[in-house]
Amino acid sequence: MSSFFTSSWLNALGAVLRPLSVACFLMASAVLALPFQVQAASEPRQTVKVQGAGVKAAPKRQPVRRLIIPAKPSMGMQAGLHRVNDPLSLRSSVAYVIDQDTQEVLFSKNEEAVLPIASLTKLMTTLLISEAELPLDERITITQDDVDTEKYSVSRLRVGTVLTRGELLHLALMASENRAANALGRTYPGGLGIFVTMMNAKAQLLGMQDTRFVEPTGLSSRNQSSARDLALLVDAASADPMLREFSTTRAYQVAVGQRKMVFANTNRLVLNQRWDIGLQKTGYISEAGQCLVMQVTVAGRKLIMVFLDSVGKLSRLGDAERVRRWVETNEARQDGDGVLDLASKT
């Protein structure tokens, strides 16, 4: 009997307390949430504790903005050469145009400035290889020594690639292949050190008094010259039929193992029918800017054009176009000083 009354009493008590428990739970939840809601309303920003400065409110979070890092200025730009104006409004800080036959200077701008010349170096590299009359069919292997540790530039010629000396020479001139150029110097009789010595000796022989080479690719900014000196190099190199042909080839294919690799010319002007280019070479490293040398025929005259430290990838080509149109428009008219009339620029 007692157990019956006890069970009934407990059931009745549970029926009474169950609603109260739910109500208490809801009230407790509301009370617990209240401090956080008040805090969130009164402190819209986080607080950070700075040692020695008490508690300060962190600044409101700003939207993420893209950071644009400007390109490293060239040595010519650092020297202020771009501030020199010229009648043709060229974007190259250095420009030099001469008649190859008469040596008449048609246009000059900072032509004596000594600057890094980037891959224009390869014109001297290939000239020496050609004059050495080394076997062009000799097979040469690209090694780790040919990998660029100066600028860490990429190359399609992997370590272990085997090509002939003639193929490497072609790629160095036309496609400005750095590993090809280094392999040419490395396999020169006596080695790379002797080859660099010969580069400097050849420069002196040509009268390039302001020129210095330290390696055969142009990746080092210590390879330096002036526009006037480079005109002498272009004049000498343009007398070599092989260099003329290799530098102006539009595209070139080589077999690497079972693969066929096609390389394009770094100078798109060779694709332009308005241009009669006998020899050309492009170059670029950040210290040198965009560079271009060419031996061309314009308005019946053989000209040598040198453009150094140009701003923008296509600006060196645009400068060459401006000079060509200017020469064609003047039709080789001369003023009283024996130079083309710059006042009639186009």
Side-chain angles (χ1 to χ4, degrees), residues 74-77 79-124 127 203 206-212 218 223-239 247 267 269 275-284 287-299 301-312 315-328 330 332 334-335 337-342 345:
S74 66
M75 289 187 179
M77 185 171 292
L81 298 181
H82 279 277
R83 292 195 291 267
V84 177
N85 296 322
D86 66 83
L88 297 183
S89 300
L90 303 182
R91 298 195 66 190
S92 301
S93 66
V94 174
Y96 190 58
V97 182
I98 66 171
D99 184 302
Q100 187 176 16
D101 293 328
T102 66
Q103 298 301 301
E104 176 189 352
V105 177
L106 307 183
F107 188 93
S108 62
K109 174 185 176 182
N110 296 323
E111 73 279 5
E112 295 182 354
V114 179
L115 297 171
I117 60 173
S119 286
L120 302 186
T121 297
K122 295 183 177 73
L123 207 53
M124 177 62 82
L127 177 61
L206 293 175
M208 302 171 66
Q209 301 299 320
D210 297 321
T211 300
R212 178 173 180 249
N223 284 5
Q224 298 186 1
S225 187
S226 66
R228 183 172 292 177
D229 276 8
L230 289 171
L232 296 173
L233 176 58
V234 173
D235 184 46
S238 65
S247 72
N267 184 356
L269 293 183
W275 280 90
D276 182 3
I277 303 175
L279 179 95
Q280 69 79 34
K281 187 70 196 75
T282 62
Y284 172 78
E287 297 92 336
Q290 301 286 343
C291 304
L292 172 66
V293 296
M294 295 193 295
Q295 187 274 333
V296 298
T297 300
V298 178
R301 304 180 71 172
K302 291 182 179 180
L303 306 180
I304 292 176
M305 298 182 177
V306 180
F307 303 98
L308 302 180
D309 190 30
S310 188
V311 179
S315 58
R316 59 189 175 187
L317 307 184
D319 285 352
E321 289 282 6
R322 291 184 186 93
V323 171
R324 181 182 62 82
R325 290 195 300 267
W326 167 67
V327 172
E328 290 175 340
N330 279 277
Q334 297 182 350
D335 61 16
D337 295 328
V339 296
L340 288 178
D341 182 10
L342 290 174
K345 68 172 183 175

Atom pair CZ/CG of Arg228 and Leu233 - distance to nearest 0.5 Å: 16.0 Å

Contact summary for Phe307 and Arg316, nearest pair of heavy atoms: CD1-O, 4.4 Å

Shortest non-hydrogen separation from Cys291 to Asp309 and the atoms involved: SG-N, 3.9 Å

Check ion pair Glu328-Arg325 (N to O, under 4.0 angstrom): no

For Arg91, salt bridge (charged side-chain N to carboxylate O under 4.0 Å, His left out) partners two or more places apart: none

Side-chain donor-acceptor pairs of residues 94-102 under 3.5 Å, sequence neighbours excluded:
| residue | atom | partner | partner atom | Å |
| --- | --- | --- | --- | --- |
| Asp99 | OD1 | Asp101 | N | 2.9 |
| Asp99 | OD1 | Thr102 | N | 3.0 |
| Asp99 | OD1 | Thr102 | OG1 | 3.4 |
| Asp99 | OD2 | Arg301 | NE | 2.9 |
| Asp99 | OD2 | Arg301 | NH2 | 2.9 |
| Gln100 | OE1 | Gln295 | NE2 | 3.0 |
| Gln100 | NE2 | Asp235 | OD1 | 2.9 |
| Gln100 | NE2 | Ser238 | OG | 3.0 |
| Thr102 | OG1 | Glu104 | N | 3.2 |

Under 3.5 Å: donor-acceptor pair, side chain of Ser108, backbone of Glu111: no

Distance in Å, Arg324 CZ paired with Leu269 CG, rounded so as to fall on 0.5 Å steps: 8.5 Å

Test log, rule side chain to side chain contact (heavy atoms under 4.5 Å, CB included), inputs Val234 and Lys281: CA-CA 9 Å; Val234 173; Lys281 187 70 196 75; over 6 Å; no

N/O donor-acceptor pair under 3.5 Å between Asn110 side chain and Ala113 backbone: no

Leu317 side, atom CG; Trp275 side, atom CH2 - distance, nearest 0.5 Å: 9.0 Å

Exam field: side chain Ser226 to backbone Asp229, donor-acceptor pair closer than 3.5 Å: yes

Evaluation steps, side chain to side chain contact (heavy atoms under 4.5 Å, CB included), between Leu81 and Leu115: CA-CA 11 Å; Leu81 298 181; Leu115 297 171; 3.9 Å; yes

Carboxylate-amine/guanidinium contact Asp319 Arg322, below 4.0 Å: yes

Taking every non-hydrogen atom, the tightest pair across Ala320 and Met294: CB-CE, 3.9 Å

Rounded distance (nearest 0.5 Å) linking atom CD1 of Ile117 with atom CE of Met124: 8.5 Å

Value rounded to 0.5 Å, distance of OG in Ser119 from CG in Leu292: 12.5 Å

Shortest non-hydrogen separation from Ala288 to Pro116 and the atoms involved: CB-O, 3.3 Å

Minimum heavy-atom distance between Thr211 and Ser225, given as atom pair plus value: OG1-OG, 2.6 Å

Donor-acceptor under 3.5 Å (Lys109 side chain, Ser92 main chain): yes

Side chain to side chain contact (heavy atoms under 4.5 Å, CB included) evaluation trace for Gln280 with Val293: CA-CA 6 Å; Gln280 69 79 34; Val293 296; over 6 Å; no

Spacing of Thr297 atom OG1 and Ile277 atom CD1 [to the nearest 0.5 Å]: 10.0 Å

Considering all heavy atoms, the nearest Gln224-Met75 contact: NE2-SD, 4.1 Å

Worked verdict on Leu279 versus Leu123 for side chain to side chain contact (heavy atoms under 4.5 Å, CB included): CA-CA 10 Å; Leu279 179 95; Leu123 207 53; 4.1 Å; yes

Steps toward side-chain hydrogen bond (donor to acceptor under 3.5 Å, both in side chains) verdict (Asn267, Thr282): CA-CA 7 Å; Asn267 184 356; Thr282 62; over 6 Å; no

